[in-house]
Novice: 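One structure, as C-alpha cells, below. Some questions next.
We number each residue from 1, following the sequence as shown.
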Amino acid sequence: MHTFEFIRPADTAAAIAGAAQAQTAQQGADVRFVAGGTTLVDLMKLNVETPARVIDINRLPLDKVETTSDGGLKIGAIVRNSDLAHHPTVQRDYSVLSQALLSGASGQLRNMATTSGNLLQRTRCMYFRDTAMPCNKREPGTGCPAITGSNRMLAVLGTSEHCIATNPSDMCVAMAALEATIHIQGPKGSRAIAFGDFHLLPGSTPNRETVLEPGDLVTHVTLPPPRSGSKQVYLKLRDRASYEFALASAAVVITLANGNLTYVRIALGGVGTKPWRAHEAEAALAGQPANAANFRKAAEAAMRDAKPQSENKFKIELAKRCLTHALQTAATS
C-alpha cells in the first residue's frame, strides 16, 4: 500500500476544504473520503486506488434516517447498510430497498458499508482489480482485455469499445427504481442530482464513473414520498445463495387498479455498466393488464439493445426471466 495522509475533519466544511486543499497543494492529487472502507481499503491494498490523502468522514453528522417535510425520506451518507435495511420506515414504505440491501455482501460487511460508499462502489471486473493487466477504467488508453477475455460476469447494456465492466451494487438498483436524489456539497457549493444522472456510461472515458468533481462529498440521499399501495420486489439471481454479486437482478415498484398497471418503475442490476433504469420496459407496461404475456414483452423491451460478449450472452435471457418473475411476484403479492 502506498503512503498516504490520513485526516479526520470536525465537520463537513472542513472535510471539503481538506479535499480541495490537497488537490491544490499537490497538483490534482487523488483524495478519497472513507467511511466503512469496505471497497476503498481493498482497492488500496491492491494498489488500484492510491490516494495521496484519505479523509475520514465517520465523525460527521451524516448518520441519520429522517422523514422529510414532504413525506419522503432523507438517508445520511454514512448510514450503515444494515441500519438502513432494518429501519422500520424503509421496511414499510421502501421495501425494495431493504430487500436489495439484505441481498448484498454479508452481515459483517453490511454492518460497516455505507450509503455513499455503495453509491460509489467500483466494479469487480478482474482486469480492473489486477494492476498487472491493462484496463481503461484504471489507466485510460491501455485497453480493455475483458472484451476478448474473461467476461462472463460483465455488462451487456451500456457498454462501449473501451469498457464492459458491470456496476456491482444492489442498493443502487433499488434506488434507481425508487427515483432517489443524491445531494452533494463541494468547493462550488451544494447541488442535488437525480439518481439516473449520477452514474455515467463508460463511452470513451470509463475512468470517470460519476458526475462528482474533485472535492465533492455526498452528504445524503432523499427518496420521494412512498407511492400508496405500491408493491415492491427485488429479485437477485447469482451463482450461489449468498455473498455473491448478481448475474442479473431486478427492482420493481408497481401499483395496480382493476388488474391494470397504473404505475411502473423498473431497474436492472448485474447487466449494465451503471444501475440500469429500464425505461423501455416501463413504457411497455404503462396502463396494461398485469399478466405474464405483458411482463415478458416488457422484459424483451428492456434487453432489446443488449450487446453480449463471448461468455455472457446467457445474461440476456437470464435478465428477461428475472424481470418477468419479479413483476409476476409483485403483481400477485
Novice: Checking R208 now: which residues fulfil salt bridge (Lys or Arg N to Asp or Glu O under 4.0 Å) with it, not counting sequence neighbours?
Specialist: E213

Novice: So, does K320 use its side chain to make a donor-acceptor pair with the main chain of K297 at under 3.5 Å?
Specialist: no

Novice: Flag the pair E209 and K274 as a salt bridge only when some basic side-chain nitrogen lies within less than 4.0 angstrom of an acidic carboxylate oxygen.
Specialist: no

Novice: In Å and rounded to the nearest 0.5 Å, what is the CD to CD distance from Q99 to Q91?
Specialist: 10.0 Å

Novice: If a pair satisfies side-chain hydrogen bond (donor to acceptor under 3.5 Å, both in side chains) and one of its residues is in residues 233-247, list it, with sequence neighbours excluded.
Specialist: R152-D239, D170-Y234, D170-K236, Y234-S249

Novice: Regarding R53 and D30, does a basic nitrogen lie under 4.0 Å from an acidic carboxylate oxygen?
Specialist: no

Novice: Are V31 and V48 co-members of a hydrophobic cluster defined by side-chain heavy atoms under 4.5 Å apart?
Specialist: no

Novice: To which residues is Y127 joined in a hydrophobic cluster, defined by side-chain heavy-atom contacts under 4.5 Å among Ile, Leu, Val, Met, Phe, Trp and Tyr, whether direct or through other members?
Specialist: M126, M133

Novice: So, using side-chain contact (heavy atoms from CB on, under 4.5 Å) as the criterion, who are the partners of Q185 when residues are at least two apart?
Specialist: T12, I16, S190, T219

Novice: Taking N151 for its side chain and E311 for its backbone only, find out whether a donor-acceptor pair lies under 3.5 Å.
Specialist: yes

Novice: Going only through I, L, V, M, F, W and Y residues with side-chain contacts under 4.5 Å, is there a path from L212 to I182?
Specialist: yes

Novice: Enumerate, atom names and distances included, each donor-acceptor pair closer than 3.5 Å involving a side-chain atom of residues 74-84, sequence neighbours excluded.
Specialist:
residue	atom	partner	partner atom	Å
R80	NH1	M112	O	2.6
R80	NH2	N58	OD1	2.5
N81	OD1	N118	ND2	3.1
S82	OG	R110	O	3.3
S82	OG	N111	N	3.3
S82	OG	N111	OD1	2.8

Novice: Give the minimum heavy-atom separation between A155 and A165, together with the two atoms involved.
Specialist: CB-O, 3.9 Å

Novice: Starting at SG of C163, measure out to NZ of K137 and round the result to the nearest 0.5 Å.
Specialist: 4.0 Å

Novice: In terms of hydrophobic clustering (I, L, V, M, F, W, Y; side-chain heavy atoms under 4.5 Å; direct or indirect links), are L73 and F195 co-clustered?
Specialist: yes

Novice: Indicate yes or no for a side-chain donor-acceptor contact from N312 to the backbone of L154 under 3.5 Å, with no hydrogens or angles considered.
Specialist: yes

Novice: Do side-chain atoms of T205 reach the backbone of N207 as a donor and acceptor pair under 3.5 angstrom?
Specialist: no

Novice: Examine distances only and state if a side-chain atom of N167 and a backbone atom of T273 form a donor-acceptor pair shorter than 3.5 Å.
Specialist: no

Novice: Measuring from L247:CG to C322:SG, what's the distance to the nearest 0.5 Å?
Specialist: 10.0 Å

Novice: Side chains of L178 and L97: does their closest heavy-atom pair fall under 4.5 Å?
Specialist: yes

Novice: Quick one: do E300 and R304 make a salt bridge, cutoff under 4.0 Å?
Specialist: no

Novice: Keeping the roles fixed (side chain from Q232, backbone from V96), state whether a donor-acceptor pair exists under 3.5 Å.
Specialist: yes

Novice: Give me the other members of the hydrophobic cluster that L268 sits in, counting Ile, Leu, Val, Met, Phe, Trp and Tyr linked by side-chain heavy atoms under 4.5 Å, directly or via other members.
Specialist: V156, L157, L201, V252, I254, L256, L261, V264, I266, V271, W276, L285, F295, M303, I316, L323, L327

